Number of protein chains: 2
Amino acid sequence: MFSIGALSRHTGVKVPTIRYYEQMGLMCAPERTEGNQRRYGRAERERLGFIKHARDLGFSIEAISALIELNDHPDRSCAEASEIAAYQLSSVRKKIASLTRLESELSRISDGCSGNGIADECYVLASLADHARCETDH
Amino acid sequence: MFSIGALSRHTGVKVPTIRYYEQMGLMCAPERTEGNQRRYGRAERERLGFIKHARDLGFSIEAISALIELNDHPDRSCAEASEIAAYQLSSVRKKIASLTRLESELSRISDGCSGNGIADECYVLASLADHARCETDH
DNA sequence: CCTTGAACCTCTAGTGACTAGAGCAACTAG
DNA sequence: CTAGTTGCTCTAGTCACTAGAGGTTCAAGG
């Protein structure tokens, strides 16, 4: 049995965030001491670890709720869990693709402007003003 | 002279977003008709284009404010603009690196679970529950 | 000139996933 | 027993919008 602070240290999830998860229904309301303080056990620590891991992987609170729901009903869960993970994977890949495009444009912009300009026109500002200078689209 | 709707069509920025930018001080308050409707000119269209482009590149409203500020004071602007762009670039690179790590873990998880399981344990759920199965850290 | 319907106006509130702060109560180490 | 840390609830703030209510103005067709 440990306090919310201890749980926080064990999992790396901040105290107010744990309370937030409880409010959102991701974590069940735990036991309380006589003095109304939360007390957690091993099962809760594991659950919070699951949530933390999924959040780190970019799953939304909603998606995590669905995954937990599936976990509690192990029949037909695997296919749906796979679907959620696949969706997550595709959205991560989209983000990577778009950030990679941005990276190439930003580095082009950054290189163009040496920072101590002979130029009376700043390349950074000009590039941002004029989309036509982009080599990629977005 | 065009309306907010026309400006929206020209730039691809939604109407409520244009009003929001005005409220935030990114766009100046434009002229109005007698009936109190906004009317924009070429300069405003260009400015909004600048803002749109910078937002698409992930610059925050605050950073864009700073860039516009620099644009209005062309002395010593280039170095500072470069700095803002470089900061932006490094944060984009960090995001790419972390998403790439997530991608490899997610695809590993997805591959592990065929979706129509012989397994009585779902690999997706198990992987999320057990961080120790990760090959990368996060 | 008049009507109709789209586009416009302001204002408030909601989104997601927290984070910060106020003001108070309870636990724990010395 | 007391001091200091940790806990409690509640409200409000963050960012960059987005949605909706309830009302006004504009432009085109008749």
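Bear in mind that the values here come from a model prediction, so they are computed numbers and not experimental data.
Among the atoms of the strands shown, only primed sugar atoms or phosphate atoms (P, OP1, OP2) are found under 4.0 Å from some heavy atom of A:Tyr21. In this structure, B:Arg9 reaches neither bases nor backbone, as no heavy-atom distance under 4.0 Å exists between it and the strands shown. Residue contacts shown for A:Arg55 are limited to sugar-phosphate atoms, with no base heavy atom under 4.0 Å away.
A distance-only check finds a donor-acceptor pair linking the side chain of A:Arg47 to the backbone of A:Leu26 [under 3.5 Å]. Proximity of a side-chain donor or acceptor of B:Glu46 to a complementary backbone N or O of B:Ala43 within less than 3.5 Å is not detected. For B:Arg19 (side chain) and B:Gln23 (main-chain N/O), no donor-acceptor pair under 3.5 Å exists by modelled atom type.
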Which pairs, protein N/O on one side and nucleotides 19-26 of chain C N/O on the other, fall under 3.5 Å?
unit_1, atom_1, unit_2, atom_2, d
C:dT19, OP2, A:Thr17, OG1, 3.2

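Note: CZ (B:Arg39) to C1' (C:dC9) measures 12 Å, nearest angstrom. The distance between atom CD1 of A:Ile18 and atom C1' of C:dA17, rounded to the nearest whole Å, is 15 Å. The CG atom of A:Asp56 sits 13 Å away from the C1' atom of C:dA17 (whole-angstrom rounding). Following rounding to the nearest Å, A:Gln23 (CD) and D:dC10 (P) show an atom-to-atom distance of 9 Å. Summarising the geometry, the separation between OH on A:Tyr40 and P on D:dT6 is reported as 16 Å, rounded to the nearest angstrom. Atom CE in B:Met24 sits roughly 14 Å away from atom C1' in D:dT18 (whole-Å rounding). Rounded to whole angstrom, the span from the CD atom of A:Glu31 across to the P atom of D:dG7 amounts to 17 Å. Rounded to an integer number of Å, the gap from B:Phe59 CZ to D:dC15 C1' is 17 Å.
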Exercise. Going through the checks in order, is the side-chain contact (heavy atoms from CB on, under 4.5 Å) test met by B:Arg38 and B:Ser3?
Worked result: CA-CA 6 Å; B:Arg38 290 166 179 84; B:Ser3 68; over 6 Å; no
For this session: Give the C-alpha distance, both sets of side-chain angles, the deciding distance and a yes or no for side-chain contact (heavy atoms from CB on, under 4.5 Å) between B:Val13 and B:Leu7.
Result: CA-CA 8 Å; B:Val13 179; B:Leu7 182 65; over 6 Å; no
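With C:dC8, D:dA16, D:dC8 as the candidates, the nucleotide lying closest to the side chain of B:Ile61 is D:dA16.
Crowding of A:Arg32 atom CZ: a count of heavy atoms from other residues, nucleotides or ligands under 6.0 Å exceeding 12.
Residues B:Glu103 and A:Arg93 are paired through a salt bridge, judged by an N-O separation under 4.0 Å between the basic side chain and the carboxylate.
Each end of the helix from C:dC1-D:dG30 to C:dG30-D:dC1 yields a helix axis from five base pairs, and these two axes differ in direction by 0° (to the nearest 10 degrees).
Using a 4.0 Å cut-off, some side-chain N or O of A:Ser3 falls inside it from OP1 or OP2 of D:dG7. Using a 4.0 Å cut-off, no side-chain N or O of A:Arg38 falls inside it from OP1 or OP2 of C:dC27. An OP1 or OP2 oxygen of C:dT12 is reached within less than 4.0 angstrom by no side-chain nitrogen or oxygen of B:Arg19.
At a threshold of 4.5 Å between non-hydrogen side-chain atoms, the residues B:Glu44 and B:Leu48 do not count as touching.
Separation of atoms CD1 (B:Ile4) and CD (B:Gln37) is listed at 9.5 Å; rounding is to 0.5 Å.
Legend: ring-ring contact (aromatic ring centres under 6.0 Å, His included) pairs involving residues 4-51 of chain A, not counting sequence neighbours, sorted by first then second residue: A:Phe2-A:His10.
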